[in-house]
Amino acid sequence: MRIPGKTAVAMRPRRAALSATSPIVRRYAEHTERGVISQDYVTNDGFHLGRWADRQRIARVLGILPKHREAELDAIGFDWKAPRPEGFDSKHRRMLLEIAAYREKHGTGEVPSTYLSDDGEPVGEWLYRKIRKWRDGHLPADEQAVLELLGISPTPRPRGPRTARRRPSTRQSAALAH
């Protein structure tokens, strides 16, 4: 089935190729026959298939997807979308892994700028610098694609209501008292 204006995610694989794949890959292939799967796609039994597909893409970009899984997904015509960024060093990889872990735990890739990893790495600051580069038009497209997969956007975050009123400074009060 084709959805107007969208490209199909996967073509119907041959039955022999599909029977050799793992159950979750078969499940993905069966659902993609119906059209494009979005990030928030949930199967009838409550499985977050869209998130699973995103995790496969992220794992491939980070270089941690097992080769047999990549081969299975290639066999069904899986749409990888995000390429591996150029200049992908170990710090870049570590930071993306931390953001992926944060996203898995908190449901969002919007890491606070003050967030530190368990090892004390300033993940929030690193991401903030990447987003600034993105806003300024200096972040390469392949890095943008990876950040988008993690649910990150260059648009400013909405500010919430202030939780407490700011108290007057004690210095100011003391100066007025004299």
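Keep in mind the model is a prediction, meaning the values are calculated, not measured.
- Using a 4.5 Å heavy-atom threshold, the side chains of R132 and Y128 count as touching.
- With a 4.5 Å cut-off on side-chain heavy atoms, V146 and I152 do not count as touching.
- Here L73 contributes atom CG and D79 contributes atom CG; the two are 11.0 Å apart, rounded to the nearest 0.5 Å.
- Salt-bridge formation is not detected for the pair K67/D74: no Lys NZ or Arg NE/NH1/NH2 atom is positioned less than 4.0 Å from an Asp or Glu carboxylate oxygen.
- More than 12 heavy-atom neighbours from other residues, nucleotides or ligands sit within 6.0 angstrom of CG on D136.
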Report the C-alpha separation of W126 and E121 in whole Å, then their side-chain angles, then the decisive distance to 0.1 Å, and conclude whether the side-chain contact (heavy atoms from CB on, under 4.5 Å) test is met. CA-CA 9 Å; W126 180 88; E121 293 228 51; over 6 Å; no

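- Side chains of E30 and T43 form no contact here, defined as non-hydrogen atoms less than 4.5 Å apart.
- For the pairing with K130, the side chain to side chain donor-acceptor pair (under 3.5 Å) check across E125, H138, Q144, E143 returns one residue only, E143.
- Using a cutoff of 4.0 Å between basic side-chain nitrogens and carboxylate oxygens, E72 and R69 are scored as salt-bridged.
- Rounding to the nearest 0.5 Å gives a distance of 10.0 Å between CE of M95 and CG of L127.
- No side-chain heavy atom of W52 sits less than 4.5 Å from a side-chain heavy atom of R27.
- Not one N or O on the side chain of R103 forms a donor-acceptor pair closer than 3.5 Å with the backbone of T108.
- With contacts defined as side-chain heavy-atom distances shorter than 4.5 Å, the pair V25/I76 qualifies.
- Separation of atoms CZ (R94) and CD1 (I99) is listed at 12.5 Å; rounding is to 0.5 Å.
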Between L96 and L147, is a side-chain contact (heavy atoms from CB on, under 4.5 Å) present by the stated rule, with each step listed? CA-CA 8 Å; L96 291 173; L147 292 176; 4.0 Å; yes

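- Between L150 atom CG and E104 atom CD the span is 11.0 Å, to the nearest 0.5 Å.
- Considering CZ of R60 and CG of L65, their distance stands at 8.0 Å, rounded to 0.5 Å.
- Using bins of under 30°, 30° to 60° and over 60° for the plane-to-plane angle, the ring pair F78/Y28 lands in the tilted bin.
- Taking OG from S117 and CG from D119, the interatomic distance works out to 4.5 Å, rounded to the nearest 0.5 Å.
- Contact between V42 and H48 at its shortest, heavy atoms only, is CG2-ND1, 3.5 Å.
- Ring planes of Y102 and Y115: perpendicular class, angle over 60° (limits at 30 and 60°).
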